[in-house]
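Numbering of ligands and ligand atoms starts at 1, following listing order.
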Amino acid sequence: DFDYNVYHPYDEIQQWVSDIAEEYSDIISPFLLDHSYEGRAINGFRIRGTGSQSENPTAVWFEGGIHAREWISPATVMGFTQKLLDDYRSGDVLATNMLDNIDWYIVPSLNVDGYSYTWGPDRLWRKTRSPNQGSSCTGKDPNRNWAFEWGGVGTSPWPCSDKFHGPNPLSEPEVAAVTRFLRGRKSEGQDFIVFIDWHSYSQKIIAPWSYKSVGTRTEDYDDQMAFAQAVADAINGVHGTVFTYGAGAEIMYAAAGSSKDFGYADFVAMGEDTDGGLGCKYSYTIELRDTGEYGQLLPEWQIQPVYEEIYAAVRAMGDHILREL
Ligand code: 0X9
Ligand code: ZN
């Protein structure tokens, strides 16, 4: 049986995806996003309840492990997914409504080459593992490689930087694959409302915009903060963990070309400009535990409390979305 309370190398995460897809084959459809630079398959799955009435209902995108060393991210995504599926099976009312009325797209581990590298030579590797022309430094920051407002403030043109934006937007196959997949699904009519990129650490719920330091609040700021507050309250109710929330540079720092700005920015149809977004009102970076005591080396005994509190967060998101349908 899969042990949710330890960290897993990438091949075991892949195995978990195929096992869970088989065990819940009536509600889970696995998909292959693409292959990473080093050729690893990047797997995800969609959960849609058996009571679903619609072909293309409202959808959520959850993405774990874009930064290689943030091990609590894939572990949490797997942990809360299992709890959600479990609750659905036991007839829990909210879980049933969540899966029957919303499509959940989940990729537990996105930067799979970087993640594999953290299991070997460098536990604290952050970036992808693609080589850079004219440099002996490897990799790009996949959270500076998205097409929306690529290359601006909070990014670096230097291949040796941990915030290197890459030679061009979507240079990284992992980021290009998500962009292509989501624009494709959206063009086919799927209505994405929530986009979460799961990171660690600092216990923060960060709303757009990220690409600018001034005027960072969006026109949906009030709704985004209400949603974030519901999520923070839900987390706090489980083990008392405090998460703060706010917009981009106000609560953290500016970071152009990041995932959450892509998640929020206006949708541009396939075949047109490639720098459009997904048009999700509720697009966030969520930084999981802790606030620095262990940092990225969060001990395994904290995995379960984290996915328990974040499962409460996911239920709060579900509740919030269902009330807006
Ligand atoms: O820098 C990042 O990509 C994220 N933090 S991390 O420590 N996990 O690397 C934060 C990006 C969130 N967006 C903004 N800070 N605006
Ligand atoms: Zn991160």
Is the closest basic N to carboxylate O distance between E172 and K127 below 4.0 Å?
no
Taking distance alone, with N or O pairs closer than 3.5 Å, would you say W209 contacts ligand 1?
no
Is the contact between Y253 and ligand 1 made by the side chain, the backbone, both, or neither, using heavy atoms and a 4.0 Å cut-off?
both
So the atoms of ligand 1 within less than 4.0 Å of a heavy atom of G248 turn out to be 16 (N)
Is the contact between S258 and ligand 1 made by the side chain, the backbone, both, or neither, using heavy atoms and a 4.0 Å cut-off?
neither
For ligand 1, does R126 get within less than 4.0 Å through its side chain, its backbone, both, or neither, judged by non-hydrogen atoms?
side chain
Considering the Zn ion (ligand 2), could you give the total of protein N/O/S atoms lying closer than 2.8 Å?
4
protein heavy-atom neighbour closest to atom 5 (N) of ligand 1 works out as E287 OE2, 2.7 Å
Numbering the atoms of ligand 1 from 1, which are under 4.0 Å from a heavy atom of R144?
1 (O), 2 (C), 3 (O)
Please check if the distance between the ring centroids of W61 and F262 is under 6.0 Å.
no
Please name the residue in the list R129, R40, H35 that meets the side-chain hydrogen bond (donor to acceptor under 3.5 Å, both in side chains) test with D113.
R40
Test of proximity, Y201 against ligand 1: N or O pairs below 3.5 Å:
no
Nearest-contact summary for atom 8 (N) of ligand 1 - protein heavy atom, Å:
E70 OE2, 2.9 Å
Ring centroids only, cut at 6.0 angstrom: are F62 and W104 within range, meaning strictly under it?
yes
State which residues pass ring pair (Phe, Tyr, Trp, His ring centres under 6.0 Å) with Y264; sequence neighbours excluded, sorted by chain then number.
W209
Flag K163 as yes when one of its N or O atoms lies below 3.5 Å from any N or O atom of ligand 1, and as no otherwise.
no
Other than W125, which residues form its hydrophobic cluster under the rule that side-chain heavy atoms must be closer than 4.5 Å?
Y117
S200 to ligand 1, any heavy atom closer than 4.0 Å:
yes
Residues passing the ring pair (Phe, Tyr, Trp, His ring centres under 6.0 Å) test with Y24, sequence neighbours excluded, are none
Is it true that R48 and D103 have a side-chain N and a carboxylate O under 4.0 angstrom from each other?
yes
